[in-house]
Amino acid sequence: MSYRRTIKLVCGFAGGSAVLVVAAAAAESRGYFGDTQGERSGQWSRFNILQAAQPATWSAGNHTVASTGHAWDFNWDKREPPPQFTNGKKKENTSEDPSSEQENGKPKATRNILFIRHSQYNLSGNGDHERILTPLGREQAEFTGQRLAALGLKYDIMVYSTMARATETANIISKYLPGVELVSCDLLREGAPIEPVPPVNHWKPDAVQYHEDGARIEAAFRRYIHRADPKQKEDSYEIIVCHANVIRYFVCRALQFPPEGWLRMGLNNGSITWLTVRPSGRVALRTLGDSGFMPPDKLTRT
Ligand SMILES: *[C@@H]1O[C@H](CO)[C@@H](O)[C@H](O)[C@H]1NC(C)=O
Ligand SMILES: *[C@@H]1O[C@H](CO)[C@@H](O)[C@H](O)[C@H]1NC(C)=O
Ligand SMILES: *[C@@H]1O[C@H](CO)[C@@H](O)[C@H](O)[C@H]1NC(C)=O
Ligand SMILES: *[C@@H]1O[C@H](CO)[C@@H](O)[C@H](O)[C@H]1NC(C)=O
């Protein structure tokens with residue numbers, strides 16, 4: 001099964017994320033998203049969200065070690081091939097066909113995932129459907145689309161958040177990438193991934209917001225960020241158009257940095273963040289929030 005097919009099964013499925021849409025819509029109406037102001041934060045402990053989204057063994061395992069920088073967890077995506085595929089020897093009988101099991105079980109391809117932050121939108125709109133791109137935002141998306149086309153990569157798919165500003169951005173970019181399939185996904189909507197450390201005064205979502213969004217955004221991370229499937233033969237280039245909080249959280253998680261540090265990074269509108277996931281499970285951040293392809297007067301500062 002191709003990667004594209006997997007995504008379609010997950011995200012092209014209307015009923016699948018209905019609960020999440022409702023949760024996100026409720027959050028939206030309360031104005032808790034990254035570009036807007038929230039209310040006071042409730043009592044909240046650091047790893048609650050992640051633990052809620054994890055199997056029981058995870059929090060008792062080596063996560064703390066990995067997230068504090070003492071170790072790299074190679075099996076972070078739980079796709080590390082079993083030892084008989086990795087120790088260079090076959091188990092017992094070496095007269096078997098060498099192209100069989102061993103070759104099928106090991107990832108071979110590199111995944112390139114290019115995140116696009118949606119471009120500037122009207123912050124005064126009531127609800128998501130009114131928060132559409134400004135004329136400048138539409139121009140920014142054109143620059144991003146041109147840039148992605150100029151990079152000349154063989155894009156496999158473009159997945160976008162169902163929020164209006166991300167959908168609009170994806171549609172504009174799509175003009176420059178004819179033939180690249182578009183798939184929408186509710187998991188990628190904006191939200192409060194995890195309480196930031198240090199906290200900021202101008203953005204204080206309630207505990208319930210972290211509780212709801214955190215699990216969803218962690219689910220999105222697991223859905224999209226992992227090494228290639230063993231069946232994937234060629235390197236892939238996938239575009240994900242979504243939101244600043246989601247992208248920053250993904251970057252922290254992918255690099256095994258403390259996830260609560262996400263708010264220490266900033267991303268310009270329409271910028272490109274590029275992660276590479278090797279078949280070995282190694283991850284590299286190629287660019288973070290690149291917007292150098294836009295003329296300076298098109299960058300949003302406010
Ligand atoms: C965590 O990693 C350390 C060092 O590799 C190892 O000694 C320990 O057994 C691991 N603990 C768990 C619970 O996996
Ligand atoms: C290796 O596999 C072959 C074919 O399946 C079998 O005939 C042979 O007995 C096996 N040898 C060992 C040492 O298991
Ligand atoms: C991007 O645009 C939004 C409004 O659409 C604005 O709140 C935000 O500050 C902009 N980002 C940057 C980095 O200028
Ligand atoms: C932004 O949205 C508000 C509320 O819908 C509207 O009054 C205003 O004209 C919009 N601004 C722009 C630049 O579209």
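Whatever order the structure lists ligands and atoms in, that order sets their numbers, starting from 1. All values below were derived from every heavy atom in this structure, side-chain atoms included, with hydrogens, water molecules and symmetry-related copies excluded.
Seen from the ring of Tyr121, Arg165 counts as a face-on cation partner, given the 6.0 Å and 45° thresholds.
Ring to ring, Phe115 and Phe250 are close: their centroids are under 6.0 angstrom apart.
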Pairs under 3.5 Å, nitrogen or oxygen of ligand 4 with protein nitrogen or oxygen:
residue: ligand 4; atom: 2 (O); partner: Asn122; partner atom: OD1; Å: 3.4
residue: ligand 4; atom: 2 (O); partner: Asn122; partner atom: ND2; Å: 2.3
residue: ligand 4; atom: 5 (O); partner: Glu130; partner atom: OE1; Å: 3.1
residue: ligand 4; atom: 11 (N); partner: Asn122; partner atom: ND2; Å: 2.9
residue: ligand 4; atom: 14 (O); partner: Asn122; partner atom: ND2; Å: 3.4

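Salt-bridge formation is detected for the pair Asp213/Arg216: a Lys NZ or Arg NE/NH1/NH2 atom is positioned less than 4.0 Å from an Asp or Glu carboxylate oxygen. Using a 4.0 Å cut-off between charged nitrogen and carboxylate oxygen, Lys175 and Glu142 count as a salt-bridge pair.
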Extract all donor-acceptor atom pairs below 3.5 Å that involve side chains of residues 278-286 and protein atoms in other chains or at least two apart in sequence.
residue: Arg278; atom: NH1; partner: Thr110; partner atom: OG1; Å: 3.1
residue: Ser280; atom: OG; partner: Arg282; partner atom: N; Å: 3.3

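Within ligand 3, counting atoms from 1 as listed, the ones closer than 4.0 Å to a heavy atom of Asn268 are 13 (C). With ligand atoms numbered from 1 in the order given, ligand 3 contributes 13 (C) to contacts under 4.0 Å with heavy atoms of Leu267.
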What's the verdict on side chain to side chain donor-acceptor pair (under 3.5 Å) for Asn245 and Trp262, showing C-alpha distance, side-chain angles and the deciding distance?
CA-CA 7 Å; Asn245 301 358; Trp262 64 273; over 6 Å; no
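A tilted orientation is assigned to the rings of His243 and His118, their planes being inclined by 30° to 60°.
Not a single heavy atom of His118 lies less than 4.0 angstrom from ligand 3.
Atom CZ of Arg111 is separated from atom OH of Tyr237 by 13.0 Å, given to the nearest 0.5 angstrom.
Among the atoms of Asn269, some N or O lies under 3.5 angstrom from an N or O of ligand 3.
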